[in-house]
Each structure stands twice: as C-alpha cells, then as structure tokens.
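A, B, ... follow the sequence lines: proteins, then strands. Residue 1 opens every chain. None of these values were measured; they are calculated from a predicted model.
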Protein chains: 2
Amino acid sequence: MQESVVFRLGVLGATATELFAAAVEPYGLKPKQVGLMIVLSAGLAASQLDVARVMGVAPSLVVGFADHLEGLGAIRRTRDPADRRRQLLTLTDRGRELLDTCSALARSLDAEFTDGLTPQEHAVLAGLMGRLAVGRGLPAGR
Amino acid sequence: MQESVVFRLGVLGATATELFAAAVEPYGLKPKQVGLMIVLSAGLAASQLDVARVMGVAPSLVVGFADHLEGLGAIRRTRDPADRRRQLLTLTDRGRELLDTCSALARSLDAEFTDGLTPQEHAVLAGLMGRLAVGRGLPAGR
DNA sequence: TATTGTTATACTCTATAACTATA
DNA sequence: TATAGTTATAGAGTATAACAATA
C-alpha cells in the first residue's frame, strides 16, 4: 500500500510543496502564485479566466493572486481592447526576474530532495514525472 | 522550472491526493484517515501522540481521525494499563478489511495514473519514489 | 441574455492554546 | 509539575453564489 505510486505522490507532494512554500515565502510568494507566473511565462493563458481554467482553480481565487502579484510589480493587468471585460495578465521584467529566482530555488531544493539519487536516476525520475504530467494534462498550477 | 522534481511532485501530488480522496470517499474515509490506518498496520505507532508524530500532524487532529475510525469500527481505543493517560489504537478486523479495500483502490488508481508507462517504467518510478520517501523519513501520512 | 471579473460568504483542513486526567 | 488526550478557537486556503460591467 505504501508502495502505491498515487499514495506516495500524495505524501511526497505535500512535503515538496511545504519545502517550496518555505523557499519562496521570503519573496512574498505562495506556490500557487508562482504557478500563475509559470502559466503566463509559458503562454498558456492570457485572461484571468483562462488562468483559472489552466490552473484548475476557481476564477475568484485568481483575483487575489493577480492582486498580490500586481502589488509585487510582477504582473501587469490591461483591459483587452477587443473585449473590455477581459483582464489580460502579462509578466513584467520584475516578474521574470522573480520567476528566475524561483527556478534557482527549485533547482536547489531538487538537489536536496534527490540527495540519495545519482544524476542519472534524477534525470530518469524527472522524465517519468514529466510524462505523468503530460498524461494528466498538467502544465503547471500546484 | 516546470521540470523541477519538487515543483512537479507538488502538482502531481495534489492531483493524486484528489483522486485518492474521491476513491475512498464512498467508504467514509479521507486520505489522512487511511494514512492513520497504514501507520497502525505497519506498527509505526501505538498511542495517539505517537501517531501524530509519525504523521507530522497536531495531536488534536488525531483525536478526530480516531473518533471517526472508531465510529466506522476500523480501530479500537484501549487505555494503556501501564499508563492510563495513553490511548492505544489498534486496527480491528474491519479496519484491516477496509485497508485492503483501499489498497485495491490504490492499485487501480496507479494503473490509471501510470497509463502511459510500461510496467518496467512503473516499477522504476515506484522504486525511485520509495527511496525519496526513505530519504525524507516518510513512512506514510496521507 | 451571457460572460468576465469581483465581492461576500461559507466550508474544509489544520494548528495553537486552554483544559482534564493521569503520572 | 509534566504528559496524553481532548475541546475551543482561530487561521489558512478554497469554492459557491451574488453582483457589476461589458458584450
């Protein structure tokens, strides 16, 4: 039972998110807010509603994330001139900078987390998880 | 960034827990309650405080889990005769039965989750995640 | 009328602190 | 006094429903 992939993903995932949250907290960020920046950076969504759909969260939740990221200067909100109901979110230079910092933190956490694995094993693990993510239609989100 | 093991574990883990929660819900169980049964089954803890330590949750949270599992007839609470403050939790026959059912559900979810992987890849993934869990001192929990 | 974003509200999960009973 | 369990309370995080602006 403990050997179940699904069960272990749940336990390890909770630990991983905890570590990641602690790492980005000094930058005023929560994991899901980083997820939003990733979605923008990858060009997976433009409007807030699109972001909500891609991340699999309620649209009302995106409002708060966008408010916060805007406050950090990480994103800009602009009304879509073609449809003035839509708020188009774009990453600012500061946002890209923050995202780079988060990437570096993630790399560092990865090294710590996969401490007992060889570089080859680490690569295999990353590859297999990437395929699971694709299979689930999961681009990012947390 | 999306390729980070820690980040992907977070995203995949949340999805996995969601699936597992939906699978055990018809049996009146939440993932953490299953985790408690696993801890007992594996002999990792006896008293409620031990369970809380092993699972990494607050002792007050275990009270509710134990109440619920007792209500389902899955565990028994007995006062430790040597120290009457301690509640010793033990799995009943019904508890073992429920845990077996959860194991079957997990196996089925695993098959679905690792659909795109060969049996060999599935085994490699399970092995690597097992080593990550050991490295983190994670026996169970969810 | 329908849709986007927002606000108000409520629900779930969890932790901290106060309490009890035993030690 | 200290510890195991319990209860009361509070804080995250999230969703649903009502609302405003625009289509």
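Of the candidate nucleotides dG5(C), dT6(D), dA4(D), dT6(D) has the atom lying nearest to any side-chain atom of V63(B). Closest to the Q48(B) side chain, of the nucleotides dG5(D), dT14(C), dT16(C), is dG5(D). Distance from the side chain of Q87(A) is smallest to dG5(C) among dT14(C), dT4(C), dG5(C).
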- [ ] For the pair Q48(A) and F65(A), evaluate side-chain contact (heavy atoms from CB on, under 4.5 Å) and give the outcome as yes or no after the intermediate values.
- [x] CA-CA 10 Å; Q48(A) 291 187 192; F65(A) 295 159; over 6 Å; no

- [ ] Please report the C-alpha distance between S47(B) and D50(B) in whole Å, then the side-chain angles of each, then the deciding distance to 0.1 Å, and finally whether the side-chain hydrogen bond (donor to acceptor under 3.5 Å, both in side chains) criterion is met.
- [x] CA-CA 5 Å; S47(B) 73; D50(B) 289 344; 3.3 Å; yes

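Rounded to an integer number of Å, the gap from H68(A) NE2 to dT14(D) P is 13 Å. K32(B) places its NZ atom 11 Å from the C1' atom of dA15(C), with the value rounded to the nearest Å. In this structure, CG of L61(A) is placed 15 Å from C1' of dA10(C), rounded to the nearest angstrom.
Nucleic acid contact class of V62(B) (heavy atoms, under 4.0 Å, all strands): none.
One finds no side-chain N or O of R77(B) lying less than 4.0 angstrom from the OP1 or OP2 phosphate oxygen of dA4(D). Contact annotation: K30(A) reaches the phosphate of dG13(D) (side-chain N/O to OP1 or OP2, under 4.0 Å).
Taking a 6.0 Å sphere around CZ of R136(B), one finds it holds more than 12 heavy atoms contributed by other residues, nucleotides or ligands.
At a threshold of 4.5 Å between side-chain heavy atoms, the hydrophobic network of Ile, Leu, Val, Met, Phe, Trp and Tyr places L19(B) and L9(A) in one connected group. Note: the hydrophobic cluster containing V124(B) also contains V5(B) (ILVMFWY, side chain heavy atoms under 4.5 Å, direct or indirect links).
When side chains are defined from C-beta on, L132(A) counts as touching L117(B), because their heavy atoms get closer than 4.5 Å.
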TODO: Using a 4.0 Å heavy-atom cut-off, write out nucleotides 17-23 of chain C from 5' to 3' as B (base contacted by protein), S (sugar-phosphate only) or - (no contact).
DONE: -----BS

